[in-house]
Each structure stands twice: as C-alpha cells, then as structure tokens.
**Student:** 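This is the structure, below, for whatever I ask next.
Residues: numbered from 1 along the sequence shown. Computed over heavy atoms, backbone and side chain alike; hydrogens, waters and symmetry mates excluded.
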Amino acid sequence: MMNETVLALMLWISAATGWAVPEPPNIKYTDSGQELFMLANECDKKPEQHICQTYNPEVSDILGLYNNETKTIYLSKDFWPASTRDQSILLHELVHHMQYSRNYEFYRGLCKGLIEREAYDLQEKWLKKRGKTLLETIDLGPLMRHVLTQCEFGFGG
C-alpha cells in the first residue's frame, strides 16, 4: 500500500508542477518525535550543539523529514497511509525529494524558507482538493507558516 501511496502522490506533484517523477525515496520510520527532532538538527553528527539539549515535545513537533543527501524520508512509526493528514505529511516530504531530484544544486543554494514555502503551497493545494486546510490537518496556522517560510534578512542564501 505504501508504494502505491508514494507513487500516487509523486504523480500528483508532477501533474501540479510539471516536474519529472524521479525514483522513489527511501522511507524510514522513527520511534518518536524526539528522534525526528534529533535527525533534523543533525544531533548524531554534532551532539554538542545547544539545540540538541533543547527538545521539548510541546514546541518541537516535527512531523516528517527529508534528507537530500541520502534521499530518505523519515516518518513516525505511527504513520497511517490511509490518513489524509499523514498523506499530506508524506506529500510535503515528497515535494522536497522531487525538488532536490529535479535540480540539486539550485535547491541546495536556496534558503530553507523558500524550499519550505514551495512544499507548503503544494501541500495546501492538495489538502484543499480534499476539503481540508493546513490548520486542521497539521495545526499549522498562517502566522507559523509565515515564520517557517521566511529567509533571514528577507533574501535567500
């Protein structure tokens, strides 16, 4: 079922963007939100970073993660492929996979906010077709979305 879900979502992204469909990414499941947080902040490589000691489940809710070097999507072990919420999380991470597969050097040079904005825009478009919003599905309101999609000092790089 998961392979079919991945393919269907990548085909939808391709139809919405005109991007080619690449080979599917690797998918790994994590045991906890804390594990996703540690992976997102590269605490395995740099455990001395201050952020690695700051995990708080109240404010550190990472729902999925894409590693563009290993072409791996990390999802919660509780991921349910039939859930609209979980499919939208997977779609968001697949957008990142397709961004980097399409033009690795270009996306590697962009600020994270611009990369996230493109993924949230597509996730929101997909959810809208299902009568849902980012706020209802992943508790992402307009203000937090704005914060997550900005670049420092208003420019990329």
**Student:** For Glu118 and His96, which I'm curious about, is there any donor-acceptor pair between the side chains at under 3.5 Å?
**Tutor:** no
**Student:** What distance separates Gln99 CD from Phe106 CZ, expressed to the nearest 0.5 Å?
**Tutor:** 9.5 Å
**Student:** Quick one: which residue pairs count as a salt bridge (charged side-chain N to carboxylate O under 4.0 Å, His left out) with a foot in residues 97-106, not counting sequence neighbours?
**Tutor:** Glu105-Arg108
**Student:** Transitively linked via ILVMFWY side-chain contacts under 4.5 Å: Leu143 with Leu63?
**Tutor:** no
**Student:** With a 3.5 Å cut-off and no angle check, do the side chains of Glu116 and Thr149 form a donor-acceptor pair?
**Tutor:** no
**Student:** Is the shortest heavy-atom distance from the side chain of Leu140 to the side chain of Leu148 under 4.5 Å?
**Tutor:** yes
**Student:** Are Leu11 and Trp126 connected, step by step, through hydrophobic side chains (Ile, Leu, Val, Met, Phe, Trp, Tyr) whose heavy atoms are closer than 4.5 Å?
**Tutor:** yes
**Student:** With Ala82, which residues qualify under side chain to side chain contact (heavy atoms under 4.5 Å, CB included), at least two apart?
**Tutor:** Met1, Trp80
**Student:** Are more than 12 heavy atoms from other residues, nucleotides or ligands located less than 6.0 Å from atom CD of Gln53?
**Tutor:** yes
**Student:** Should the pair Tyr107 and Trp19 be assigned to parallel (<30°), tilted (30 to 60°) or perpendicular (>60°) ring geometry?
**Tutor:** perpendicular
**Student:** Assess the residue pair Glu124 and Arg145 against the criterion (salt bridge (charged side-chain N to carboxylate O under 4.0 Å, His left out)); give the C-alpha distance rounded to whole Å, side-chain angles, the decisive distance to 0.1 Å, and a yes or no.
**Tutor:** CA-CA 11 Å; Glu124 185 172 53; Arg145 179 183 174 175; 2.7 Å; yes
**Student:** Just by modelled atom types, is the Tyr66 backbone N or O under 3.5 Å from a matching donor or acceptor in the Glu93 side chain?
**Tutor:** yes
**Student:** Quick one: sort the Phe79 and Tyr29 rings into parallel, tilted or perpendicular, breaks at 30° and 60°.
**Tutor:** tilted
